[in-house]
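Values below: every heavy atom of this structure, side chains too, minus hydrogens, waters and symmetry copies. Note that the coordinates shown come from a computational prediction; the quantities given were computed from them, not determined experimentally. Numbering of ligands and ligand atoms starts at 1, following listing order.
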Amino acid sequence: MNHIPIHKLINEVNKLSYTGIQSNSKMVEAGNVFVAIDGTAVDGHLFIKDAISNGACAVIGEKPLTGASVPYFQVENSREAIGLLAASIYGNPSKKHQVIAITGTNGKTTTSHLIKHILNYVGESCSLIGTVEYEINGQKIKSSHTTPDALQLQKLLFESNDRYVVMEASSHGLDQHRLAGTGVDYALFTNLSHDHLDYHGNMTNYFHAKTQLFGLLNVHGEAIIGNYTSWGKKLTKLLKQQKHVFSVGEMGLDDVQLLSIHGLEVLVKDGPNHLTLSIPLPGLHNIWNTLQAYLLAKRLGIPAEDIVKAIQTFPGVAGRFEQYQNDVKANFIVDYAHSPDSINYCLQTAKELTKGKVVHIFGFRGQRDRKKRLPMLEASVEFSDEVIITLDDLNGESLEGMSRDIYDLIERVGKGKCKVILDRTEAIKYAWDTSEKEDTVLVTGKGPECYQHPFLLPSRSDRETIEYIKMLHLSNKILD
Ligand SMILES: CC(=O)N[C@H]1[C@@H](OP(=O)(O)OP(=O)(O)OC[C@H]2O[C@@H](n3ccc(=O)[nH]c3=O)[C@H](O)[C@@H]2O)O[C@H](CO)[C@@H](O)[C@@H]1O[C@H](C)C(=O)N[C@@H](C)C(=O)N[C@H](CCC(=O)O)C(=O)O
Ligand SMILES: Nc1ncnc2c1ncn2[C@@H]1O[C@H](COP(=O)(O)OP(=O)(O)OP(=O)(O)O)[C@@H](O)[C@H]1O
């Protein structure tokens, strides 16, 4: 246990041999060390007795304990202790990789996929750990969390034989020390805007959680900051004294400076050089994501011309401004936006691409940051011609409560533009039926992911619904 800072040790031991670590008493097996976590829902210290009766040979926790029948290590932070212990058990696996970790409210997934694509393009192997999936040694694994818990993360790092690991560091993950014991070589910050305040309480705490990533940087590690928001500028200022900081932005001081935009091409200044980059996905937000991936790749030593070519061949990410064009009806776009800022960016992008009207279909995720519902609707009303409010996952929130909230918000900021169709598939069908060829329908929510509850049409995701309606149309069936 000499790799974790121990405050107090009860029932001293000379040498402890153990068979594994567990933070859930129900999963403890003979010889495991049980780590008690004072969690967001329950206090794991309440389950110490259960863990011991299930065979725990030692316990780690934060709170004073008397009368334990096994050694008890009292530490400052149990979640951090798990990470440090797991890293040590697996032989500090982050050291065998170049670890690139990305944080920020939006853009983590897109930027991480871009980076992996560039690395693969130049023949490097790269693991990916993030929202859509984990990919280790070329094998895809279903993702449970954007940032896996400390035990799983260290296991993935251990199993990976890839030279590079690019991972998303969510604010929950950082706050819960899921990266403890991970040395980071490159830490990226994309942006910060209103999200997850149900967990963090306010923007200052949320920002603070994000900044923790930079404390994990190795001595020669580099910070790559999106300097295009006020939070990015604040972070640059904060880190500039002690870290190697590089930035993308609109100012002369930025290492990669955006000079001008010409459709899907941008002119940028990279040090003394000017170059033109083709941006593989529409929208200003994707310009920033691409420039950040470009700068990171430059810092890795990849020649600019290779990066430019790699970016041109980027296929995009499922559900991130994914377009479904057809010959008869509107252009449908499915997007993962679920914050006011991302809705803003997506709708403005859709508007720029559309000759006709822009219709926005979305809902509010149940049991998540209720304070973002109003600014989400405000953004939607401001940038679209028609808004259709529907359901997202309720996550246990009552349908009555959600409906009440929807109608209250429409009453406040709807400006006569909003229509409510609670069945998500019906909402999409309505937009299909009423749209014209020159219109755009933006459907935001879970992108390619399935919704929890079934809707009227036999499809589980927005993508499936659009494909189903298109198929119905093509086969000329009439749906009542
Ligand atoms: C709110 C939140 O983030 N919770 C995460 C947190 O749970 P927790 O430790 O606080 O759990 P808890 O239920 O309070 O229990 C406390 C402790 O008691 C233990 N226990 C409990 C019961 C028992 O009988 N015995 C026992 O030992 C539990 O195992 C736990 O160790 O730590 C767990 C281990 O890392 C996570 O699995 C869990 O994620 C939950 C499932 C979750 O949904 N998290 C989401 C919000 C999340 O993390 N999302 C971000 C992305 C966000 C985004 O950008 O969109 C992510 O990285 O995925
Ligand atoms: N740089 C950006 N700035 C603002 N919005 C963005 C940016 N990049 C992407 N978005 C928007 O946010 C959505 C989610 O993007 P992405 O999945 O890349 O971000 P993320 O940080 O991984 O999100 P999450 O944590 O919710 O998984 C996109 O579908 C798009 O609408």
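Taking the six-membered ring for Trp, Trp231 and Phe189 have ring centres at least 6.0 Å apart.
Counting heavy atoms from C-beta on, the side chains of Leu192 and Thr229 never come closer than 4.5 Å. Between Ile52 and Lys49 the shortest side-chain heavy-atom distance does not fall below 4.5 Å. Counting heavy atoms from C-beta on, the side chains of Cys418 and Leu377 come closer than 4.5 Å. In this structure, Cys57 and Val70 have side chains that are not in contact, with every pair of non-hydrogen atoms separated by 4.5 Å or more.
Within 4.0 Å of ligand 1, the residues that place a heavy atom are Ser23, Asn24, Ser25, Lys26, Phe34, Ile37, Gly39, Thr40, Ala41, Val42, Gly44, Phe47, Arg79, His145, Thr146, Thr147, Asp149, Ser170, His172, Gln176, Arg178, His196, listed by chain and number. The immediate protein surroundings of ligand 2, defined as residues with any heavy atom under 4.0 Å of it, consist of Thr105, Asn106, Gly107, Lys108, Thr109, Thr110, Thr131, Glu168, Asn191, Tyr228, His285, Asn289, Arg320, Asp335, Tyr336, Ala337, His338, Asp341, Ser342, Tyr345, Cys346.
Residues in residues 30-56 take part in no ring-ring contact (aromatic ring centres under 6.0 Å, His included) pair, two or more places apart or across chains.
For the 3.5 Å distance criterion, the side chains of His200 and Asp195 fail to qualify, holding no donor opposite an acceptor.
No donor-acceptor pair closer than 3.5 Å links the side chain of Lys108 to the backbone N or O of Glu168.
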Could you go through residues 315-323 and list every donor-acceptor pair under 3.5 Å that involves a side-chain atom there, pairing it with any protein atom two or more places apart or in another chain?
{"unit_1": "Arg320", "atom_1": "NH1", "unit_2": "Ala318", "atom_2": "O", "d": "3.0"}
{"unit_1": "Glu322", "atom_1": "OE1", "unit_2": "Tyr324", "atom_2": "OH", "d": "2.7"}
{"unit_1": "Glu322", "atom_1": "OE1", "unit_2": "Arg463", "atom_2": "NE", "d": "3.2"}
{"unit_1": "Glu322", "atom_1": "OE1", "unit_2": "Arg463", "atom_2": "NH2", "d": "3.3"}
{"unit_1": "Glu322", "atom_1": "OE2", "unit_2": "Gly319", "atom_2": "N", "d": "3.3"}
{"unit_1": "Glu322", "atom_1": "OE2", "unit_2": "Arg463", "atom_2": "NH2", "d": "3.3"}
{"unit_1": "Gln323", "atom_1": "OE1", "unit_2": "Asn331", "atom_2": "ND2", "d": "2.9"}

